[in-house]
Number of protein chains: 2
Amino acid sequence: MEIHKRSPCPVACALDIIGDKWTILVIRDLALGRQYFKEFLASPEGIATNILTNRLQRLKDAGIISALPDPGPIGRFQYRLTQKGQAMQAMIEAMAEWGLRYIEGTSKRLDPI
Amino acid sequence: MEIHKRSPCPVACALDIIGDKWTILVIRDLALGRQYFKEFLASPEGIATNILTNRLQRLKDAGIISALPDPGPIGRFQYRLTQKGQAMQAMIEAMAEWGLRYIEGTSKRLDPI
DNA sequence: CTGTATCCAGCCGGATACTG
DNA sequence: CAGTATCCGGCTGGATACAG
């Protein structure tokens, strides 16, 4: 899963990581407090399990999320944004503002966990 | 080229338009003052001609760019950001800042036209 | 249950040929 | 030159089966 750098442009390099229809949504969910595989699956966009696995792996490789074993009885991971991941919130917020302003039928509230 | 809306989330809806590795780069180029097919092709990432045609069409359909016949002798179009497109600059700037801060080997300056 | 892997249709996109 | 179309290998992602 090695990333090929197309140019030194920070925008292009960011797109090499997050340039698809799903990655940012996972980060959005994490920013909203979701932490578990099941919670990401429950988001209204309906990400497929194999895609979610793939994106979690890529984000971990990129240092944007961490996965720590959940203390609870179920063998699962607790996913969290690293500082590098948290720093993406400004960008996501800018996307949200643009969408709200320019795309009809959008609304800010997402179903609670 | 109809867009299927996955959810009312403004982030998800924005991604339905710009969620790939090339679209944002075209908008970046437009924001930097590039206006012609040839200029987009000359960007260091090396977009293919068929992909560029496809993205220009999509962006036009989405109301993010306009294409007006160039007054010069060559039969070509002059592409420009609409207001809706210009409003994406805050988001792109946030991406650039994130990339500069968190991805090694990135630098802000792009070759001039 | 948590997550991974596999199947497979369809889209993406690089190379290239083509039209005007 | 400006832009489009076509070929075709490889990736994406939905459905589903699978493993712990």
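In what follows, every chain begins at residue 1, and chains take the letters A, B, ... in the order their sequences are listed. Below, all heavy atoms of this structure are taken into account, side chains as well, without hydrogens, waters or symmetry copies.
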Regarding B:Y79, tell me which of base, sugar-phosphate or nothing describes its non-hydrogen contacts under 4.0 Å with the strands shown.
sugar-phosphate
Separation of A:L68 atom CG from C:dG3 atom P, in whole Å?
11 Å
Salt-bridge contact A:R28-A:E45 (side-chain N to carboxylate O under 4.0 Å)
yes
Please give, in whole Å, the distance from C:dG3 C1' to A:E39 CD?
15 Å
A:W22 side chain: which of C:dT2, D:dG14, D:dT4 is closest?
D:dG14
B:L41 CG to C:dT16 C1', in whole Å, measures 14 Å
B:D20 vs A:G75, nearer the 5' end of DNA chain C by closest nucleotide:
A:G75
With a non-hydrogen cut-off below 4.0 angstrom, is A:I51 in contact with a base, only sugar-phosphate, or nothing?
base
Given D:dT12, is OP1 or OP2 found less than 4.0 Å from the side-chain N or O atoms of A:R55?
no
For A:A31, check side-chain contact (heavy atoms from CB on, under 4.5 Å) against everything at least two apart and list the hits.
A:L81, A:Q89
Is B:Y36 touching bases, backbone alone, or none of the nucleic acid, heavy atoms closer than 4.0 Å?
nothing
Between D:dG13 (C1') and A:K21 (NZ): distance, integer Å:
12 Å
I need the CZ-P distance between B:F37 and C:dG20, as an integer number of Å.
17 Å
Is any side-chain N of the basic residue among A:K5 and A:D16 closer than 4.0 Å to the acidic one's carboxylate O?
no
Within this structure, what is the CG-to-P distance between A:N50 and D:dC11, rounded to whole angstrom?
15 Å
Do the side chains of B:R55 and B:D20 get close enough for a salt bridge, i.e. N-O under 4.0 angstrom?
yes
Is B:R58 close enough to C:dC12 that one of its side-chain N or O atoms is under 4.0 Å from OP1 or OP2 there?
yes
Between atom CG in A:L52 and atom C1' in D:dT12, what is the gap in whole Å?
15 Å
Reckon A:T53 has a side-chain N or O less than 4.0 Å from the OP1 or OP2 of C:dT4?
yes
In Å, rounded to the nearest 0.5 Å, how long is the span from CD1 of A:I65 to OG1 of A:T23?
10.0 Å
A:I74 has a side chain; which of C:dT4, C:dA17, C:dT2 sits nearest to it?
C:dT2
Between the base of C:dG13 and the side chain of B:N54, is there any donor-acceptor pair under 3.5 Å?
no
Between C:dT19 atom P and B:R76 atom CZ, what is the distance in whole Å?
24 Å
